[in-house]
Amino acid sequence: MSTRTPDRRTDATSSRREHTRSSGPSRWSHCRKRGVDGSMRTDEHERTDEHERTEGRHSSFTTPESSGPVSRCAASSDWGSQVEDNEMRRDLHRDLQRYRRRILAADGPHRERKASSGSSGSCDSKEEESLETDEGVLLRRQKQISYGKNTLAYDRYIREVPKHLRQPGIHPKTPNKFRKYSRRSWDQQIKLWRVKLHAWDPPTDNGTQEDNEEQLDLGDIMDIELDFPTLAEPGPQAAHAGVMEDPEGTGTPVKVQRMDAAAASDVV
Amino acid sequence: MSQIDETEAHPTVMENSTDEYRFQSFDPDTQMLLKTALKDPSSVDLEKVSNIIVDQSLKDQVFSKEAGRICYTIVQAEAKQSDGNVFRRNLLNRLQREFKDREDMRARSIHEWVCYVTFICNIFDYLKVNNMPMVALVHPVYDCMMRLAQPDALKNEEEVDCLVLQLHRIGEQLEKANSQRMDQLFFLLRDGFLLQEGLTSMTRLLLLEILEFRAGGWMLSSTANKYYYSEISD
């Protein structure tokens with residue numbers, strides 16, 4: 001990993017390490033701030049390893065049932081979950097609208113040309129076509145992103161590297177959930193992103209950051225590197241590389257290989 | 001995820017307002033717990049806090065009118081502090097359990113039932129998702145209102161009083177969320193006002209006022225206001 005190594009000073013977060021890791025909690029789990037129910041987690045709560053999570057549906061992907069009696073009327077779920085789902089959907093649609101506005105803004109010149117030629121439908125630009133609008137897909141992706149952001153590493157990362165200093169290909173970048181990708185491609189992007197974020201894991205008990213990085217699953221990385229070429233979706237990616245900004249910044253981990261071109265334009 | 005803007009809800013503002021809440025009816029330990037929940041929600045058991053608030057609301061109608069504000073503050077504080085919603089989830093699910101047993105509750109104690117309706121309407125009024133009422137509560141609140149508009153409830157001034165009070169507060173929001181059900185509710189209220197025998201004149205007055213109130217676009221004309229609220233008669 002050529003990523004910037006966070007400094008080793010102990011900070012507030014390190015107080016969470018008081019439990020020894022003798023029981024060998026998964027390195028993916030010990031940095032998680034909160035459990036499914038939103039309460040701050042303690043190290044007693046075990047989390048499955050990332051490998052397991054990508055294979056099957058991790059239990060935390062499903063809405064936990066309330067402990068109360070099952071509703072007679074509402075077949076769906078309890079009020080608390082209904083409100084949360086509702087909140088998530090609204091946020092998603094708001095984000096999608098914002099993303100669309102950005103696309104239109106970036107498309108400005110094209111629009112004018114089209115308008116002058118009298119053609120309608122400035123919306124059917126290539127960017128619009130490659131938009132992922134399926135609510136189910138977007139909600140699933142948002143959850144995956146939320147899990148990544150719900151980590152101490154993510155907090156440390158955004159605190160230590162201001163947005164304008166982040167460089168494509170060097171710093172982790174949240175995958176763009178609004179762009180059309182195959183399931184496989186998306187999951188791989190998430191995986192890469194999560195791996196990169198782990199460079200900002202708080203130092204552990206039995207060692208420094210280096211130890212931590214050595215623990216990083218080599219198999220995992222190899223897997224990703226080897227898989228890399230096969231997940232390419234030449235269509236949309238080639239067509240749109242570097243064109244758009246997503247709400248989180250530019251590009252996606254998939255475009256790491258093209259970083260020199262992107263970096264040249266991004267970095268002053 | 002969170003509906004809260006980072007820039008608002010300064011902790012100092014919250015601290016200042018903490019003292020305003022009516023916690024006197026609780027024992028000192030509980031008062032402490034509630035005050036902590038307002039300032040530092042993640043340091044307390046929020047399920048316990050939500051149960052304390054609901055329990056008290058079901059007993060104390062004054063508190064049930066106040067509780068929405070308290071719950072709002074805790075929800076905001078928790079979202080800001082940890083982006084969590086443990087408190088809201090527990091609160092809503094407890095409300096839902098009580099809702100399922102509402103007929104038993106009403107049979108057991110009209111007072112408790114009236115407190116419940118006051119409380120759920122207050123929550124509906126205060127807790128919003130992205131500035132919109134929580135959709136999950138729209139039908140339950142309507143169900144409560146419809147229940148209060150049934151003939152047996154109209155005979156009971158305590159329930160009529162509760163009904164019109166809630167409609168004054170949240171009637172407009174409810175109608176925006178679902179106008180059909182508001183129409184149905186007002187069919188019942190007109191029928192009650194016009195056809196039901198044995199209602200007290202106070203009940204008829206309350207019903208007539210709420211009918212005029214909605215007809216005027218959820219406000220009273222100045223003459224109507226004078227008619228209902230002026231102490232001096234011509």
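Quick note on labels: first sequence line is chain A, next is B, and so on, each numbered from 1.
- The CZ atom of R88(B) sits 4.0 Å away from atom CD of E87(A), with the distance rounded to the nearest 0.5 Å.
- In this structure, D83(B) CG and K149(A) NZ are separated by 10.5 Å, a value rounded to the nearest 0.5 Å.
- To the nearest 0.5 angstrom, D78(A) atom CG is 8.5 Å from L92(B) atom CG.
- Looking at L46(B), neither its backbone nor its side chain comes within 4.5 Å of chain A, counting heavy atoms on both sides.
- Distance check: W79(A) CH2 to I123(B) CD1 gives 11.0 Å after rounding to the nearest 0.5 Å.
- Put simply, CZ on R90(A) and CG on N131(B) are 10.0 Å apart, with the number rounded to the nearest 0.5 Å.
- Sparse packing is recorded around CD of Q180(B), with 12 or fewer heavy atoms of other residues, nucleotides or ligands lying under 6.0 Å away.
- Residue contact with chain B, scored on non-hydrogen atoms closer than 4.5 Å, involves the backbone and the side chain of E84(A) alike.
- Here the shortest heavy-atom pairing between V83(A) and A136(B) reads CG2-CB, 3.9 Å.
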